[in-house]
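Written below as structure tokens is the structure these notes are about.
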Amino acid sequence: MDKYVIDGGGRLCGSVRLQSAKNSVLPLFAASVLTQERVVIRDAPHISDVACMAQILKELGARVVFRDGDAVIDSADACSHELSSVLTGELRSSVFMLGSLLSRFGRALIAYPGGCDIGLRPIDLHLNALKRLGVSISERDGFIFCEGERLRGAEIELDFPSVGATENILLAAVKAEGRTVISGAAKEPEIVDLQNFLNAMGAKVAGAGTDVIEAEGVRTLHGVVYRPMKDRIEAGTYLIAGAACGGEVETVGVPPENLRLLLHKLRENGCKIHTKNDKIRLESSGRLQCNRRIETMPFPGFPTDLQAQAAALNASCEGSALIVENLFETRFKYVPELQKMGADIVVNGRTALVRGVRTLHGACVTAGDLRGGAALVIAALAAEGVSEVLDLTHTDRGYSGFSEKLKGLGARIRRVRT
Ligand code: EPZ
């Protein structure tokens, strides 16, 4: 088990080379089985969630090779429609393989993806929508069996703009008979990236980025070479680290409108933010004001995937901040670890009251989930003294070259094998 040893208190300065977006690349891997031709996903991030998704495709019989940073996927020989519980347990987001497997094989058998470290993660919206497309679903002994030889387009109303459910419906609808209209769809930029990818394969999808998406079924999809969007959550994580430590951090490749609410909150903290095309540059004195209130919401609201990082920033700002987590039930598990560093945070259900302290101090802390782990790294970088962050399996899921990129900004951080 590796750990980070971080000597905090230094400023961060420099530009970060961003990875392709984890939450776009994962559905693109799922979509690659919609064709029997070769799919190349450029600059696939070197993170364990992508490796896990590659393993899932290999289990189905596809060939996945990583070459010069690209993922080369040939699924002509894919023949299985069954996903083992090991992999669906490890990667929650494997649930959107349902849509792909149904499109490709007319059936799918996956183990019920369990809850995880940030909440129950039900999939009722996925299953109800698939039924609207003509899929029959039975659940037994923790497995979900879906059958739908002839999927047909339908009007689907989502009660909640679920990202995964929107993606799953699109993966099932692009080759269904007739037209599908998704109302109440998620509007995340990753959905737009999936639409662009599918259309590059010959699909007919329109409306992504709004809450109404239409797909006209086509008979076949062809191969594609595609460069995914850059990771806006990774970018936001480094900008928040720069704010917390003080200094100047620049990200390139994420349009400011994909992080609009975060940039608004960072300005509220007292940071100077300059943007030009897809460049974002943050300047921070390191002595900032707390945000009065941060409420996580579906896009374009404040991203839940940056909530923990924002709490770590506010922990050593002037004043106090109320953080409301509206999307997941238990996304404050990082708080006790921040308290070991001197943070004054009180959690009550879905809200956390953060009272800023002058500075955090180094401590030995343990990551419990992907974004909570990133928050602990940010806190350790801003704290005075040396910290250890244990259990890097979590941050390895979503941040490629995390310690190298931070070192490139001047952070005193080492990855140590224990
Ligand atoms: C995606 O998860 C992201 N993961 C998450 O990022 C992100 O936090 C989330 O969207 C919200 O933006 C990927 O894209 C791989 P949802 P997803 O369906 O699709 C409830 C990260 O850190 N819900 O929009 O699972 C659900 O319980 C990860 O990179 C139902 O009730 O999110 C949650 O409360 C974490 N029934 C809310 O909707 C359903 O059928 C948001 O879930 C589906 C979801």
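Order of appearance sets the numbers: ligands from 1, and atoms from 1 within every ligand. Reckoned from all heavy atoms, side chains included, excluding hydrogens, waters and symmetry mates. This one's a predicted model, so the numbers in the text were calculated from it and none came from an experiment.
Heavy atoms of other residues, nucleotides or ligands lying less than 6.0 angstrom from CZ of Arg292 number 12 at most. Heavy atoms of other residues, nucleotides or ligands lying less than 6.0 angstrom from NE2 of His46 number 12 at most.
Between Arg42 and Ser20, the side chains place no donor N or O within less than 3.5 Å of an acceptor N or O (distance only, hydrogens not considered). Asp231 and Tyr399 are not linked by any side-chain donor-acceptor pair at a separation below 3.5 angstrom, with hydrogens and angles left out of the test.
Of all the atoms in ligand 1, the ones that sit under 4.0 Å from a non-hydrogen atom of Phe160 are 37 (C), 38 (O), 41 (C). Applying the 4.0 Å criterion to heavy atoms of Asn23 picks out, from ligand 1, the atoms 3 (C), 4 (N), 6 (O), 13 (C), 14 (O), 15 (C), 21 (C), 29 (O). Atom numbering of ligand 1 starts at 1 in the shown order; those under 4.0 Å from a heavy atom of Lys22 are 21 (C), 29 (O). Listed by atom number, the atoms of ligand 1 under 4.0 Å from Arg331 heavy atoms are 8 (O), 22 (O), 35 (C). For ligand 1, the atoms sitting less than 4.0 Å from at least one non-hydrogen atom of Pro122 are 27 (O), 30 (C), 31 (O), 36 (N), 39 (C), 40 (O), 43 (C), 44 (C), numbered in the order shown with element in parentheses. Within the listing of ligand 1, atoms 21 (C), 22 (O), 29 (O) sit less than 4.0 angstrom from a heavy atom of Arg371. Residue contact check: Thr304 has heavy atoms under 4.0 Å from atoms 8 (O), 11 (C) of ligand 1. Of all the atoms in ligand 1, the ones that sit under 4.0 Å from a non-hydrogen atom of Gly164 are 18 (O), 19 (O).
Gly119 does not count as a contact of ligand 1, since none of its heavy atoms falls under 4.0 Å from the ligand.
Residue Ile118 has no nitrogen or oxygen atom sitting less than 3.5 Å from a nitrogen or oxygen atom of ligand 1, judged on distance alone. Any N or O atom pair closer than 3.5 Å counts here, and Phe328 shares no such pair with ligand 1. Distances between N or O atoms of Asp124 and those of ligand 1 include at least one value under 3.5 Å. Considering both main-chain and side-chain atoms, Leu327 comes within under 3.5 Å of ligand 1 through a nitrogen or oxygen pair. Where the criterion is an N or O separation shorter than 3.5 Å, residue side chain and backbone included, Arg92 fails it with respect to ligand 1.
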Residues Glu147, Arg107; criterion salt bridge (charged side-chain N to carboxylate O under 4.0 Å, His left out); working and verdict: CA-CA 4 Å; Glu147 263 197 309; Arg107 56 182 45 210; 2.8 Å; yes

From CA spacing to verdict: side-chain contact (heavy atoms from CB on, under 4.5 Å), Arg293, Glu295: CA-CA 7 Å; Arg293 185 182 183 91; Glu295 278 224 48; 3.0 Å; yes

Test side-chain contact (heavy atoms from CB on, under 4.5 Å) applied to Ile47 and Val25, step by step: CA-CA 11 Å; Ile47 54 178; Val25 167; over 6 Å; no

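Nearest to atom 24 (O) of ligand 1 among the protein's heavy atoms is Val163 N, 2.9 Å. Nearest protein neighbour of atom 25 (O) of ligand 1, counting heavy atoms only, is Arg121 NH2, 3.1 Å. With hydrogens left out, the protein atom closest to atom 40 (O) of ligand 1 is Leu125 N, 2.7 Å, a heavy atom.
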Would you mind writing out the side-chain donor-acceptor pairs for residues 123-135 within the sub-3.5 Å range, not counting sequence neighbours?
unit_1 : atom_1 : unit_2 : atom_2 : d
His126 : ND1    : Asn168 : ND2    : 3.0
His126 : NE2    : Ala165 : N      : 3.4
Asn128 : ND2    : Asp124 : O      : 3.2
Arg132 : NE     : Glu155 : O      : 3.1
Arg132 : NH2    : Glu155 : O      : 2.6

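Counting only non-hydrogen atoms, the option in Ala165, Ala374, Gly372, Ser162 that gets closest to atom 18 (O) of ligand 1 is Ser162. Proximity annotation for atom 8 (O) of ligand 1: of Asn128, Asp305, Leu26, Asp305 comes nearest, heavy atoms only.
There is a protein heavy atom closer than 4.0 angstrom to atom 5 (C) of ligand 1.
Salt-bridge annotation for Arg152 and Glu177: absent, with no side-chain N of the basic residue lying under 4.0 Å from a carboxylate O of the acidic one. A salt bridge links Glu337 and Lys340; the closest N-O separation between the charged side-chain nitrogens and carboxylate oxygens is under 4.0 Å.
Shown here are the salt bridge (Lys or Arg N to Asp or Glu O under 4.0 Å) partners of Glu190, two or more places apart in sequence or in another chain: Arg232.
Side-chain atoms of Ser100 come within 3.5 Å of backbone N or O of Ala30 as a donor-acceptor pair.
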